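Here is the naming used below: chain letters follow the sequence lines, and residue numbers restart at 1 for every chain. Worth saying up front: this structure is predicted, and the values here are computed from it rather than measured.
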4 protein chains.
Amino acid sequence: MNRTKASPSLRRGRPVNAEARAERRQQILDAAHRCFVRRGFHASSTAEISSEAGISVAGLYQYFPTKQDLVTALIQHELEADLALIQQLDRAADLLEGLQQVAMAVVRDSRTPQAAHLRLEILAEAARDAGTAKVFLAAERRINRALSRVIRKGQEQGSIDRDLDPMAVAEHINAFLDGAFSRLTLPITDPEAFVRGSIELIRRALSAKS
Amino acid sequence: MNRTKASPSLRRGRPVNAEARAERRQQILDAAHRCFVRRGFHASSTAEISSEAGISVAGLYQYFPTKQDLVTALIQHELEADLALIQQLDRAADLLEGLQQVAMAVVRDSRTPQAAHLRLEILAEAARDAGTAKVFLAAERRINRALSRVIRKGQEQGSIDRDLDPMAVAEHINAFLDGAFSRLTLPITDPEAFVRGSIELIRRALSAKS
Amino acid sequence: MNRTKASPSLRRGRPVNAEARAERRQQILDAAHRCFVRRGFHASSTAEISSEAGISVAGLYQYFPTKQDLVTALIQHELEADLALIQQLDRAADLLEGLQQVAMAVVRDSRTPQAAHLRLEILAEAARDAGTAKVFLAAERRINRALSRVIRKGQEQGSIDRDLDPMAVAEHINAFLDGAFSRLTLPITDPEAFVRGSIELIRRALSAKS
Amino acid sequence: MNRTKASPSLRRGRPVNAEARAERRQQILDAAHRCFVRRGFHASSTAEISSEAGISVAGLYQYFPTKQDLVTALIQHELEADLALIQQLDRAADLLEGLQQVAMAVVRDSRTPQAAHLRLEILAEAARDAGTAKVFLAAERRINRALSRVIRKGQEQGSIDRDLDPMAVAEHINAFLDGAFSRLTLPITDPEAFVRGSIELIRRALSAKS
DNA sequence: GATGAATGAGGCTTCATTCAT
DNA sequence: CATGAATGAAGCCTCATTCAT
């Protein structure tokens with residue numbers, strides 16, 4: 001009866017296959033990523049995802065008790081990747097320079113249209129589902145805080161207008177970038193030029209008046 | 001030549017009631033709007049939509065031969081409403097003033113969160129489906145042209161920097177506004193302040209340097 | 001209330017549009033024929049049939065109160081055509097010669113595969129539905145009687161064995177021909193040779209022993 | 001090379017129970033058989049079939065991914081049974097004697113009207129659907145080859161005319177028997193006498209001239 | 001008489017999920 | 001732990017049929 005849960009205290013060290021488990025979990029998340037990017041959250045079936053992950057459907061349910069849980073986990077995973085991206089800006093001397101560099105790297109990445117699509121799916125899911133909205137806003141706050149730190153640095157250097165409220169500006173830039181990003185899902189003529197223009201407008205908006 | 005259409009007065013049987021048909025069609029689109037806003041395109045079933053429209057499922061299919069057709073029609077309808085919104089700017093003396101006014105009116109409208117959600121669904125659907133992307137881009141071009149006209153007016157008045165390319169700026173503003181708009185689907189503290197901030201940043205980006 | 005049926009005695013001669021009605025009816029039967037041949041009875045929808053007939057669906061229901069009625073009418077029509085075919089044999093001097101001629105004419109007709117398909121649909125429908133079976137057997141009896149007359153003529157001429165029972169032979173030939181006919185629906189190599197062989201075997205079966 | 005299939009004993013999870021699967025599959029085919037005989041292929045719904053098989057509709061789809069696949073499988077199953085029937089003739093010393101015996105056994109079997117009905121459904125489906133036609137013709141060829149072997153044996157014994165082409169005769173007999181068989185779906189007076197007459201005619205057609 | 005408009009019932013198929021092995 | 005097997009509920013769509021015009 002209590003065999004499966006028997007005396008965890010008797011197990012020394014970390015559970016035997018925690019590593020393999022985490023690996024499998026990631027494998028599923030990757031497969032889900034590919035599926036969601038291809039067809040969206042709702043149009044991707046558990047069968048499709050598990051097949052893409054090279055696992056049985058029932059197996060999937062041992063890692064995510066619900067499809068919604070899988071969706072949520074993937075969203076969280078994705079949002080963390082976004083945070084990592086923003087944190088790259090910290091390394092750049094100048095916010096706008098850094099933004100430019102990161103943005104150009106992103107726009108040149110062939111996987112960006114898919115990433116942009118996924119971002120839209122996430123925004124839409126947050127609009128539909130209050131739970132997702134909460135998760136999204138929590139991640140958003142961390143990102144904005146990171147971004148505002150870089151902005152403040154820019155203000156100290158003088159490249160960004162000191163009158164601007166760093167946190168508010170962070171929120172707006174974030175939103176703006178989402179808008180610009182959403183265009184990268186579409187077959188537009190010159191994505192690179194488009195992104196360059198976006199960055200340039202942001203620069204104009206933030207730069208200290210003479 | 002006109003044999004098949006000759007003498008419509010001779011047409012036997014019950015005449016087509018174009019008016020009632022158009023009305024019913026709109027009634028369905030309205031119901032679909034409500035459903036799509038509530039749950040998104042894919043999670044809304046034809047049963048749900050037709051029930052909301054006060055019609056049978058089979059009846060729905062006399063107006064839209066496919067669920068995707070209904071989705072597309074609704075998207076087109078929505079995009080046209082967006083165009084109308086942009087055209088309101090023409091009436092304002094100044095682009096930025098006009099933008100401010102329209103934006104404030106929008107943010108105060110209680111239906112805006114839903115409209116914003118629908119906008120996200122449309123963007124996501126465009127990312128998924130090439131046909132929708134085409135429809136979207138076509139509408140986008142019309143909107144951008146209208147917006148660029150207003151921008152040019154601003155440049156002539158001197159309120160907008162003459163070095164900026166009106167069409168490119170229109171594209172970016174449009175994208176930026178989408179990003180800002182997407183935040184209105186979320187339970188943020190002060191939407192009005194947020195939008196005001198967005199407009200202010202756009203003003204800074206566009207305004208002629210002293 | 002009794003307007004539609006009002007005083008038929010007051011109408012002189014035949015009802016006003018009996019002719020037009022019969023024409024329309026035939027027009028529908030022809031359309032149904034084309035549809036049934038293409039997809040069978042059950043897979044052909046009233047919408048498809050009426051569209052093929054250039055009429056509204058509701059219009060169809062004024063001529064055939066039920067789809068099954070239409071099917072039955074078409075079966076009857078088809079069976080009568082079969083009877084007419086058999087009666088052509090009467091004109092030939094010799095049964096086997098006549099059979100040969102009719103069969104060759106049939107096998108060379110490009111519409112024969114379709115006719116053969118329809119014949120199979122009719123047989124299958126008769127196997128499913130007792131009502132159709134009755135209709136079918138009634139027509140069969142008339143055909144067999146006609147055929148047996150020709151056979152008797154052949155016996156009198158000496159070309160057919162006098163020991164054979166004309167009616168029984170008619171039944172068997174009829175069934176045999178159905179079997180041979182059913183092969184003409186399939187993409188076989190040389191239909192004409194096949195039919196020739198069939199007739200030849202029948203000839204051997206019937207011919208008087210030396 | 002055999003990496004993916006390596007060491008089946010290492011396969012994790014519940015092992016496939018091939019036996020139970022085959023049994024269930026047959027159980028479904030039997031149920032489908034009953035339904036198809038009752039109402040034909042197109043009028044039998046998946047709900048009806050699965051209910052008759054004591055399985056859920058979704059369960060049905062684990063064994064046959066499509067209704068058409070089920071139909072095709074059943075057709076194939078049926079055609080193989082026909083082949084087995086023909087192969088019984090091999091055991092008889094004389095073709096015509098054997099034919100007589102098999103035919104009498106068939107006509108006395110109470111399930112024959114149903115089998116005959118199914119045969120008609122198959123022929124009709126082959127006329128409708130090119131894929132089925134191909135399957136049908138392939139089976140037909142095997143049957144004809146088996147039949148022609150028996151015929152050749154008859155020719156060697158002298159009971160069958162040596163001038164006849166065994167393969168051609170096989171084709172015709174097969175077709176003729178289909179025609180005769182089709183009559184067994186109908187409420188005719190004396191099926192046994194009818195079949196006896198059919199065999200007698202075939203005997204006359206094949207027997208060596210004195 | 002003929003058509004447009006509407007609909008309940010039902011068709012095939014897929015889904016997320018469970019459970020014994 | 002992982003899989004095979006099963007399923008109720010639901011999804012989209014089509015059908016034969018009716019009825020007001």
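- If you measure from atom CZ of C:F64 to atom C1' of E:dG1, you get 16 Å, rounded to the nearest angstrom.
- Between the CZ atom of A:R25 and the C1' atom of F:dC1 there is a distance of 17 Å, rounded to whole Å.
- Distances shown here put every side-chain N or O of D:Y63 at or beyond 4.0 Å from the OP1 or OP2 atom of F:dA5.
- For the pair B:D30 and B:Q26, the minimum side-chain heavy-atom distance is below 4.5 Å.
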For residues 67-77 of chain A, run the donor-acceptor check on the side chains, cut-off 3.5 Å, and write out each pair with its distance to 0.1 Å, sequence neighbours left out.
unit_1: A:K67; atom_1: NZ; unit_2: A:F41; atom_2: O; d: 3.1
unit_1: A:K67; atom_1: NZ; unit_2: A:S44; atom_2: O; d: 2.7
unit_1: A:T72; atom_1: OG1; unit_2: A:Q68; atom_2: O; d: 2.8

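- With a 4.5 Å cut-off on side-chain heavy atoms, D:V37 and C:R128 do not count as touching.
- Between A:I55 and D:Q62, the residue anchored nearer the 5' end of DNA chain F, judged by the nucleotide with its closest heavy atom, is A:I55.
- Separating the CG atom of D:L70 from the C1' atom of E:dG11 is a distance of 15 Å, rounded to the nearest angstrom.
- Considering CZ of B:R24 and CD1 of B:I28, their distance stands at 7.0 Å, rounded to 0.5 Å.
- For the side-chain hydrogen bond (donor to acceptor under 3.5 Å, both in side chains) with A:R38, the lone residue among A:H33, A:H117, A:E52, A:Q114 that qualifies is A:E52.
- Taking atom CG on B:L60 and atom C1' on F:dG11, their separation rounds to 13 Å, with Å as the unit.
- For E:dA6, the OP1/OP2 oxygens have a side-chain nitrogen or oxygen of B:R24 closer than 4.0 Å.
- D:N17 places its CG atom 14 Å from the C1' atom of F:dA6, with the value rounded to the nearest Å.
- Following rounding to the nearest Å, C:E19 (CD) and E:dG1 (P) show an atom-to-atom distance of 16 Å.
- When the shell of 6.0 Å around CZ of D:R39 is examined, it contains 12 or fewer heavy atoms from other residues, nucleotides or ligands.
- Counting only distance, with no hydrogens or angles, the side chain of C:D129 and the backbone of C:T132 share a donor-acceptor pair below 3.5 Å.
- Taking only side-chain nitrogens and oxygens, B:R21 comes nearer than 4.0 Å to OP1 or OP2 of E:dA5.
- Within the 4.5 Å cutoff, the side chain of C:L29 has no heavy atoms near those of the C:Y63 side chain.
- Base pairing in DNA chain F gives the following stems of 3 or more Watson-Crick or G-U pairs, range against range and under 3.5 Å: E:2-21 with F:2-21.
- Residues C:H42 and C:E125 are in side-chain contact: their nearest non-hydrogen atoms beyond the backbone lie under 4.5 Å apart.
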| task | Mark up nucleotides 14-21 of chain E, 5' to 3', with B wherever a protein heavy atom is under 4.0 angstrom from a base atom, S wherever such an atom reaches only the sugar-phosphate, and - elsewhere. | result | BBBBBBBB
